[in-house]
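Right, one structure below, let's go through it.
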Amino acid sequence: MANESFENEGGTGSRNSRNTNFTSSVDLSTSLDSSVQTRIFKIIVIGDSNVGKTCLTFRFTGGSFPDKTEATIGVDFREKAVEIEGEKIKVQVWDTAGQERFRKSMVEHYYRNVHAVVFVYDVTKMASFQNLKTWIQECNGHRVSPTVPRVLVGNKCDLVSHIQVPSNTALKFADAHNMLLFETSAKDPKESQNVDSIFMCLACRLKAQKSLLYRDVEREDGRVRLSQETDVNKSNCHC
Ligand SMILES: Nc1nc2c(ncn2[C@@H]2O[C@H](COP(=O)(O)OP(=O)(O)OP(=O)(O)O)[C@@H](O)[C@H]2O)c(=O)[nH]1
Ligand SMILES: [Mg+2]
């Protein structure tokens with residue numbers, strides 16, 4: 001599991017976190033003080049160049065489709081504050097470059113302490129779907145834990161007459177890789193809720209995972225102690 005990040009009155013910080021198996025005691029006292037801290041969930045968006053990663057992240061954080069985009073160089077950060085079950089959470093979206101020459105030096109940073117991964121392909125371009133295997137390999141190669149939630153997004157569904165990737169093919173692939181599939185369009189305003197649900201679904205799952213961590217702590221002598229092995233795979237997310 002990645003480090004947990006927080007933002008409080010003093011700014012953004014990072015907390016050393018926990019592995020998926022918890023048998024040792026960890027001081028979590030600060031993390032339980034939710035009144036002064038906003039948790040930050042880092043979500044990276046990965047996929048071939050031109051599939052619409054920038055437009056999808058723009059749609060989620062800004063609520064519109066950009067008039068014009070240029071190839072992303074390195075990474076662009078976009079943030080959105082959301083509220084889930086009464087808790088304010090900052091969703092920090094890392095919009096990565098699809099072009100190899102613009103991403104080389106940044107790849108390590110993308111995957112470091114990532115909380116969730118969004119893989120994007122273009123439904124009108126079969127090659128972008130076939131290349132997903134390479135993107136998944138890269139992700140696994142950077143030791144991203146299997147407990148880090150991943151979703152698959154087929155973008156540009158508004159181009160109905162140009163679709164090359166059938167839904168059932170994409171669904172099989174998503175199932176085989178234990179991912180949810182979203183087919184959507186960053187361009188079509190009617191799809192904006194669907195775009196939001198990609199990120200909100202991940203945020204809900206992350207919150208549920210981390211709630212389980214907190215549930216299994218007990219206070220001992222004024223300190224917080226993890227009391228038992230905790231399974232962070234379980235989630236209350238219904239999406
Ligand atoms: N029709 C349609 N076009 C889209 C959609 N999303 C993005 N585009 C267009 O696709 C092109 C590429 O979009 P970007 O969001 O810049 O692609 P990217 O994946 O960020 O590309 P890199 O930054 O190079 O990795 C742009 O011309 C967008 O206007 C969509 O949902 N429908
Ligand atoms: Mg881009």
Side-chain angles (χ1 to χ4, degrees), residues 1-2 20 41-60 71-72 75 91 93-100 103 107 110-111 114-188 190-206 208-209 232-235 237-239:
M1 177 62 63
T20 49
F41 292 158
K42 170 182 172 180
I43 301 179
I44 56 170
V45 184
I46 298 284
D48 275 10
S49 180
N50 223 42
V51 295
K53 299 181 296 298
T54 296
C55 293
L56 283 166
T57 59
F58 206 88
R59 171 67 78 186
F60 171 63
T72 304
V75 66
V91 178
V93 184
W94 287 46
D95 169 24
T96 71
Q99 283 191 49
E100 182 60 25
R103 64 197 315 277
V107 178
Y110 297 160
Y111 292 105
V114 69
H115 295 117
V117 185
V118 177
F119 292 96
V120 185
Y121 66 95
D122 175 346
V123 295
T124 70
K125 205 166 167 210
M126 184 53 95
S128 71
F129 179 73
Q130 287 162 341
N131 286 338
L132 287 169
K133 279 188 187 142
T134 316
W135 293 110
I136 292 171
Q137 272 166 13
E138 181 190 90
C139 182
N140 293 339
H142 285 79
R143 298 178 301 280
V144 175
S145 163
T147 62
V148 168
R150 303 163 185 215
V151 295
L152 186 59
V153 177
N155 188 37
K156 307 196 187 181
C157 282
D158 56 292
L159 301 173
V160 181
S161 58
H162 295 87
I163 290 178
Q164 286 186 2
V165 183
S167 294
N168 57 353
T169 306
L171 201 52
K172 268 188 208 153
F173 184 87
D175 281 350
H177 291 87
N178 198 23
M179 292 192 263
L180 284 178
L181 170 69
F182 292 83
E183 291 180 306
T184 194
S185 162
K187 188 172 188 176
D188 183 353
K190 291 195 293 297
E191 286 286 311
S192 79
Q193 249 188 332
N194 200 11
V195 173
D196 285 357
S197 63
I198 297 166
F199 297 95
M200 290 306 288
C201 169
L202 287 170
C204 284
R205 282 177 68 176
L206 290 167
Q209 282 184 345
V232 297
N233 281 315
K234 290 177 194 159
S235 159
C237 179
H238 298 293
C239 53

Is there a donor in the side chain of Glu191 and an acceptor in the side chain of Ser185, or the other way round, less than 3.5 Å apart?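 No, no side-chain donor-acceptor contact under 3.5 Å.
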Tell me the closest heavy-atom pair linking [X] and [Y], and the distance in Å.
{"X": "Val51", "Y": "Ser128", "answer": "CG1-CB, 3.7 Å"}
{"X": "Leu181", "Y": "Ala174", "answer": "CB-CB, 4.0 Å"}
{"X": "Lys53", "Y": "Gly47", "answer": "NZ-O, 3.0 Å"}
{"X": "Met126", "Y": "Gln164", "answer": "N-OE1, 2.7 Å"}

Sequence neighbours left out, what passes salt bridge (Lys or Arg N to Asp or Glu O under 4.0 Å) with [X]? Give chain and number order.
{"X": "Arg150", "result": "none"}
{"X": "Asp158", "result": "none"}
{"X": "Asp95", "result": "Arg78"}

Decide if atom NE2 of His142 counts as having more than 12 heavy atoms of other residues, nucleotides or ligands within a radius under 6.0 Å. yes
Take atom CG in Asn168; do more than 12 heavy atoms of anything else shown fall under 6.0 Å from it? yes
Applying the side chain to side chain contact (heavy atoms under 4.5 Å, CB included) criterion to Val45, which one of Thr96, Ile198, Val117, Val120 satisfies it?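 Testing each of Thr96, Ile198, Val117, Val120 against Val45, the sole residue satisfying side chain to side chain contact (heavy atoms under 4.5 Å, CB included) is Val120.
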Listed partners of [X] passing ring-ring contact (aromatic ring centres under 6.0 Å, His included), at least two apart:
{"X": "Trp135", "result": "none"}
{"X": "Phe119", "result": "none"}
{"X": "Phe173", "result": "Phe129, His177"}

Can you tell me how far apart [atom1] ([X]) and [atom2] ([Y]) are? Round to the nearest 0.5 Å.
{"X": "Ile43", "Y": "His115", "atom1": "CD1", "atom2": "NE2", "result": "9.5 Å"}
{"X": "Arg205", "Y": "Thr147", "atom1": "CZ", "atom2": "OG1", "result": "10.5 Å"}
{"X": "Asp48", "Y": "Asp122", "atom1": "CG", "atom2": "CG", "result": "9.0 Å"}
{"X": "Cys157", "Y": "Ile163", "atom1": "SG", "atom2": "CD1", "result": "5.0 Å"}
{"X": "Asp175", "Y": "Leu152", "atom1": "CG", "atom2": "CG", "result": "10.5 Å"}
{"X": "Asn194", "Y": "Phe182", "atom1": "CG", "atom2": "CZ", "result": "7.0 Å"}

Who pairs with [X] by side-chain contact (heavy atoms from CB on, under 4.5 Å), at least two apart in sequence or on another chain?
{"X": "Gln137", "answer": "none"}
{"X": "Ala186", "answer": "Cys55, Leu56, Phe65, Asn155"}
{"X": "Gln99", "answer": "Ser49, Ala71, Arg101, Phe102"}

Going by the rule side chain to side chain donor-acceptor pair (under 3.5 Å), which residues pair with [X] if we only count those two or more places apart in sequence or in a different chain?
{"X": "Lys42", "value": "none"}
{"X": "Tyr121", "value": "none"}
{"X": "Thr169", "value": "none"}

Find out whether [X] and [Y] are in side-chain contact, i.e. whether some heavy atom of one side chain is under 4.5 Å from a heavy atom of the other.
{"X": "Glu138", "Y": "Val107", "answer": "yes"}
{"X": "Val114", "Y": "Val144", "answer": "yes"}
{"X": "Thr134", "Y": "Ile136", "answer": "no"}

Between Val118 and Leu202, does the side chain to side chain contact (heavy atoms under 4.5 Å, CB included) criterion hold? Intermediate values first, please. CA-CA 9 Å; Val118 177; Leu202 287 170; 3.6 Å; yes
Let me see the working for Arg59 and Thr184 under side chain to side chain contact (heavy atoms under 4.5 Å, CB included), right down to the final yes or no. CA-CA 12 Å; Arg59 171 67 78 186; Thr184 194; over 6 Å; no
Check ion pair Glu183-Lys156 (N to O, under 4.0 angstrom):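 Answer for the salt bridge query: no.
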Just do the side chain to side chain contact (heavy atoms under 4.5 Å, CB included) check on Ile46 and Tyr111 with the steps written out, would you? CA-CA 10 Å; Ile46 298 284; Tyr111 292 105; 3.8 Å; yes
Tell me whether the rings of Trp94 and Tyr110 are parallel (<30°), tilted (30 to 60°) or perpendicular (>60°). perpendicular
